[in-house]
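Computed over heavy atoms, backbone and side chain alike; hydrogens, waters and symmetry mates excluded.
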Amino acid sequence: MQNPTIINGVNVDDLSMTMDVIRENPAIASFQFRAKNEWVQGGLNQTTISDFYGACEPQKHKTTFVFKADEPAVLLSTDEGANPVEYALTALASCVTTAMVYHAAARGIKLESVESTLEGDLDIHGLLGMDENIRRGYESVRMTFKVKGDMPEEELMEVLKLGPTFSPVFDIFTNKVPVTVMMESNGEPMMIMQG
């Protein structure tokens, strides 16, 4: 049995085989990810992730993940978890990093380390409904990366571009995604709004 090619912790042989399978059957590429959220009290709520749909069948994570979200005391809650906009930064950092590492591995590029720092500017006038001219979400986000590898800086810059180019969360941040808000009424879903 041949040893697999592992670059940046990614099994490049399996990645290549997965891409070949998707080329043969594009339906395999359709995924649906799911989250279930429950309010606890004040700003505290928790989201549970356990299953998703992908590769043409239901999938289950090897463990159930539970994420507590809260607000800090300065925003009138108990600070028992990162707040939702901090989770959004976490999702962005994680997804851009993963996309960069996978695409670098697919190109045979070995990385030594990848670190990022994110900052998001948010004016809570919008959240509180105090000024309709101020958006409720981030006004801007800055990502600063430190990427190390055995290559010239120009090539490292090209590797860094792979992350934002192929990251689904970067795409979510930078392009409008339709969101339908529904309510269950008498066991039936009823649309409330679409944004």
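Minimum heavy-atom separation, N11 to P4: ND2-CB, 3.5 Å. Smallest separation of non-hydrogen atoms from E112 and G149: OE2-C, 3.7 Å. Residues E80 and L44 approach most closely at OE1-CD2, 3.7 Å, considering heavy atoms. R136 approaches L127 most closely through the heavy-atom pair CG-N, 3.8 Å. When all heavy atoms of A106 and L15 are compared, the pair lying nearest together is CB-CD2, 3.9 Å. Nearest heavy-atom pair across F166 and A99 is C-CB, 4.0 Å.
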Open item on the list: Between D131 and D123, is the side-chain contact (heavy atoms from CB on, under 4.5 Å) condition met? List the steps.
Closed with: CA-CA 10 Å; D131 188 335; D123 185 334; over 6 Å; no
- [ ] Please assess I7 against R107 for the test side-chain contact (heavy atoms from CB on, under 4.5 Å), listing each intermediate value before the final yes or no.
- [x] CA-CA 9 Å; I7 301 175; R107 288 165 171 76; over 6 Å; no
Task: D20 and R23: CA distance, side-chain angles, deciding distance, side-chain contact (heavy atoms from CB on, under 4.5 Å) verdict - done: CA-CA 5 Å; D20 289 343; R23 283 184 194 98; 2.8 Å; yes
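Rounded to the nearest 0.5 angstrom, K146 NZ and L156 CG are separated by 13.5 Å. Between the CE atom of M17 and the CD1 atom of I22 there is a distance of 11.0 Å, given to the nearest 0.5 Å. Atom OG1 in T78 sits 10.0 Å away from atom CD in E71 (nearest 0.5 Å). Interatomic distance, OG1 of T97 versus CZ of F145, reported as 4.5 Å (0.5 Å rounding). Atoms CD and OG, on E119 and S140 in that order, are 9.0 Å from each other to the nearest 0.5 Å. Taken to the nearest 0.5 Å, the NZ atom of K36 stands 8.0 Å off from the OG1 atom of T48.
Environment of CE in M190: crowded, with over 12 heavy atoms of neighbouring residues, nucleotides or ligands closer than 6.0 Å. Shown here is D150, whose CG atom has no more than 12 heavy atoms of other residues, nucleotides or ligands within 6.0 Å. The number of heavy atoms from other shown groups lying within 6.0 Å of CE (M19) does not exceed 12.
Judged purely by atom type and a 3.5 angstrom limit, N8 uses its side chain to pair as donor or acceptor with the backbone of L111. Using modelled atom types, one side-chain atom of T90 and one backbone atom of E86 make a donor-acceptor pair closer than 3.5 Å. The main-chain N or O of A73 is never found under 3.5 Å from a side-chain atom of D79 such that the two would form a donor-acceptor pair. Not one N or O on the side chain of Y138 forms a donor-acceptor pair closer than 3.5 Å with the backbone of L89.
In this structure the side chain of P72 reaches within 4.5 angstrom of the side chain of L75, judged on heavy atoms. Counting heavy atoms from C-beta on, the side chains of I49 and F33 never come closer than 4.5 Å.
L128 and I134 sit in two unconnected hydrophobic clusters of ILVMFWY residues. Membership requires side-chain heavy atoms under 4.5 Å apart, directly or through other members. In the hydrophobic cluster analysis, where Ile, Leu, Val, Met, Phe, Trp and Tyr join through side-chain heavy atoms closer than 4.5 angstrom, V12 is grouped apart from V114. Note: the hydrophobic cluster containing Y102 also contains M143 (ILVMFWY, side chain heavy atoms under 4.5 Å, direct or indirect links). Note: the hydrophobic cluster containing V147 also contains M151 (ILVMFWY, side chain heavy atoms under 4.5 Å, direct or indirect links). Hydrophobic cluster membership differs between I172 and F67, with clusters built from Ile, Leu, Val, Met, Phe, Trp and Tyr side chains linked at under 4.5 angstrom.
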